[in-house]
Structures are given as C-alpha cells and as structure tokens.
Amino acid sequence: MRYDLIIFDNDGVLVDSEPISNRLLAAYLTELGHPTSYEESIRDYMGSAMHRIHDLVLERTGRRLPDDFDEVFHARVFAAFEQELKPVAGVSGVLEKLAADGVPYCVASSGSHERIRVGHRTTGLDRWFAEERIFSSQDVGRGKPAPDLFLYAAERMGAAPDKCLVVEDSPLGVQAALAAGMDVYGFTAMTPAAKLTGANQLFSSMGELADLLV
C-alpha cells in the first residue's frame with residue numbers, strides 16, 4: 001500500500017444515498033418556489049455542504065431559504081433512509097480488506113455528523129467507523145470544494161496530505177482533494193467520468209477499487 005490513509009467520501013461512495021437525497025432536495029426546492037429537477041440537483045448540489053445550497057439559491061434568486069430548511073430537509077431524508085438506504089454494492093468488502101490489512105481509513109463528508117451516523121447505522125456500516133474515523137464539513141469552516149475538510153481529516157489521522165488517497169464521486173470532492181495535495185480516485189457509478197477531471201484513477205465498481213488499492 002503506497003498510501004498512509006484512505007479517505008472515503010460518504011454519500012454515493014459508502015452509502016447509496018445520492019438518488020434519495022437529490023430526489024427529495026429537488027422536490028423540496030420546487031415546493032418552496034425554486035423549480036429544480038432531479039438532474040439539476042445532481043449537477044448543482046451533489047457532494048456539497050448545506051451552506052452551498054443556501055448560497056446558490058440566494059445568488060440565483062435573491063431570496064433566502066427558510067430558517068428551518070435544513071431541519072425539514074434532513075427529517076425527510078432520514079425518514080427515507082430508514083426505508084430505502086443501502087450500502088454501495090461491494091463497499092463492505094473493501095472496508096473489510098482495509099481493516100484486515102491494517103490500512104488506516106476514515107470518512108470525510110459534506111454531510112452532517114448526524115447524517116453520516118444515520119446512514120451508517122441504517123446500512124450496518126457503523127461497524128467499520130468508530131467516532132475517531134468520522135469527519136464532517138461541520139468540523140471546518142468551509143466545505144468542499146475547499147480542501148479544509150480533507151486536510152483536517154489527514155491531520156487528525158496523523159497522515160501527510162501527499163500520502164493520502166481520497167475516494168470521491170463528485171466534481172466538488174475531486175476539486176477539494178486536488179486542492180489538498182492528495183491523490184483522488186473517482187467513482188463513476190453515478191457521475192460521468194468527464195466530470196471527474198483531474199482524478200488519478202477512475203473506477204465504476206467497488207471491485208475495481210479493491211484491485212486498485214492492492
């Protein structure tokens with residue numbers, strides 16, 4: 001293993017949450033008078049922290065989202081997670097191999113700590129992620145595409161940035177990893193490869209990732 005730390009994004013990489021959350025986000029924004037399709041939600045918000053949604057809506061419309069937007073949205077998402085959420089196919093095998101080989105790993109997500117925990121508990125991935133392996137954009141001042149979150153995770157895990165590998169599925173996440181001076185592998189299950197410009201490697205299944213990490 002040529003890396004001292006593997007940093008996983010969460011949504012779309014560990015848990016198959018992007019279809020659920022973007023469907024609900026598009027519907028909620030539309031309900032509030034900001035017509036948004038599922039495809040537009042994926043394009044504009046996938047991989048971003050909640051503050052980016054607020055910032056983009058304000059920038060485009062001059063109107064602020066309601067003060068309880070985050071609370072209502074997360075309540076809807078968590079309820080859907082309980083019914084629909086699954087782990088990304090094959091990711092448990094990747095985590096099992098890393099743990100067996102003693103390779104340090106963690107998660108660094110734009111989502112809140114609560115969102116990460118709910119997703120992991122629902123899918124059974126919580127067995128692989130103790131508290132000290134979980135990092136959220138809540139822990140830093142700026143979310144992706146800023147490098148802050150990845151740099152914070154590396155520091156807390158005791159790894160130099162140039163010895164870290166980030167596993168990401170969003171353009172914003174790839175930008176953040178590159179800005180942090182880290183290698184990044186782009187997961188193309190939901191995102192066209194052309195949108196993950198700059199990734200060191202591209203892969204479309206967790207079986208491929210397991211081979212790349214050898």
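Worth saying up front: this structure is predicted, and the values here are computed from it rather than measured. We number each residue from 1, following the sequence as shown. FYI, side chains are in, hydrogens and waters are out, and symmetry mates aren't considered; it's all heavy atoms of this structure.
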Practice problem: Decide salt bridge (charged side-chain N to carboxylate O under 4.0 Å, His left out) for Glu59 and Arg52; before the verdict, give the C-alpha distance in whole Å, the side-chain angles of both, and the deciding distance to 0.1 Å. | Solution: CA-CA 10 Å; Glu59 177 184 319; Arg52 178 178 168 85; over 6 Å; no
Cluster link [X] to [Y], ILVMFWY, side chain under 4.5 Å:
| X | Y | value |
| --- | --- | --- |
| Ile6 | Val15 | yes |
| Leu202 | Leu209 | no |
| Val77 | Leu125 | yes |
| Phe150 | Leu213 | no |
| Phe129 | Leu165 | yes |

Working to the nearest 0.5 angstrom, can you tell me the gap between [X] [atom1] and [Y] [atom2]?
| X | Y | atom1 | atom2 | answer |
| --- | --- | --- | --- | --- |
| Glu18 | Asn10 | CD | CG | 9.0 Å |
| Met46 | Asp9 | CE | CG | 8.0 Å |
| Glu208 | Met206 | CD | CE | 10.0 Å |
| Ser17 | Leu24 | OG | CG | 11.0 Å |
| Leu58 | His34 | CG | NE2 | 9.5 Å |
| Asp148 | Phe135 | CG | CZ | 14.5 Å |

Could you tell me which non-hydrogen atom of [X] sits nearest to which non-hydrogen atom of [Y], and how far apart they are?
| X | Y | value |
| --- | --- | --- |
| Ala199 | Val174 | N-CG1, 4.1 Å |
| Arg142 | Pro147 | NH2-CD, 4.3 Å |
| Arg133 | Cys106 | O-CB, 3.2 Å |
| Ala159 | Cys164 | CB-SG, 3.8 Å |
| Ala108 | Leu149 | C-CD2, 3.7 Å |
| Leu151 | Ala180 | CD2-O, 3.7 Å |

Exercise. Check whether the side chains of Ser21 and Arg115 place a donor and an acceptor atom closer than 3.5 Å, and report yes or no.
Key: yes
With a 6.0 Å cut-off (strictly less than), is the heavy-atom count around [atom1] of [X], excluding the residue itself, greater than 12?
| X | atom1 | answer |
| --- | --- | --- |
| Asp211 | CG | yes |
| Gln83 | CD | no |
| Arg156 | CZ | no |

Practice problem: Determine, step by step, whether Thr122 and Glu82 satisfy the side chain to side chain contact (heavy atoms under 4.5 Å, CB included) criterion, reporting the C-alpha distance in whole Å, the side-chain angles of both residues, the deciding distance to 0.1 Å, and the verdict. | Solution: CA-CA 6 Å; Thr122 302; Glu82 296 289 346; 4.0 Å; yes
Taking [Y]'s backbone N and O only, do any of them form a donor-acceptor pair with [X]'s side chain (distance below 3.5 Å, no angle check)?
| X | Y | result |
| --- | --- | --- |
| Thr36 | Thr30 | no |
| Glu168 | Val184 | no |
| Ser109 | Ser136 | no |
| Asp16 | Pro87 | no |
| Thr191 | Asp169 | yes |
| Glu40 | Ser37 | yes |
| Tyr105 | Trp128 | yes |
| Lys163 | Arg2 | yes |
| Ser204 | Ala189 | no |

Exercise. Check step by step if side chain to side chain contact (heavy atoms under 4.5 Å, CB included) holds for Tyr3 and Val103.
Key: CA-CA 8 Å; Tyr3 298 106; Val103 178; over 6 Å; no
Quiz item: Can you check side chain to side chain contact (heavy atoms under 4.5 Å, CB included) on Phe8 and Leu95, steps first, answer last?
Solution: CA-CA 10 Å; Phe8 290 93; Leu95 295 170; 3.9 Å; yes
Would you say that [X] contacts [Y] through its side chain, given a criterion of any heavy-atom pair below 4.5 Å between the two side chains?
| X | Y | answer |
| --- | --- | --- |
| Val118 | His74 | no |
| Val166 | Leu178 | no |
| Asp139 | His113 | yes |

Exercise. Report the relative orientation of the aromatic rings in Phe69 and Tyr28; use parallel for angles under 30°, tilted for 30 to 60°, perpendicular for over 60°.
Key: parallel
Quiz item: Taking 4.0 angstrom as the limit, do Glu96 and Arg127 come out as a salt bridge?
Solution: no
Quiz item: Mind checking what makes salt bridge (charged side-chain N to carboxylate O under 4.0 Å, His left out) contact with Asp44, not counting sequence neighbours?
Solution: Arg60
Quiz item: Can Tyr45 and Leu56 be said to form a side chain to side chain contact (heavy atoms under 4.5 Å, CB included), step by step?
Solution: CA-CA 9 Å; Tyr45 304 120; Leu56 281 180; 3.5 Å; yes
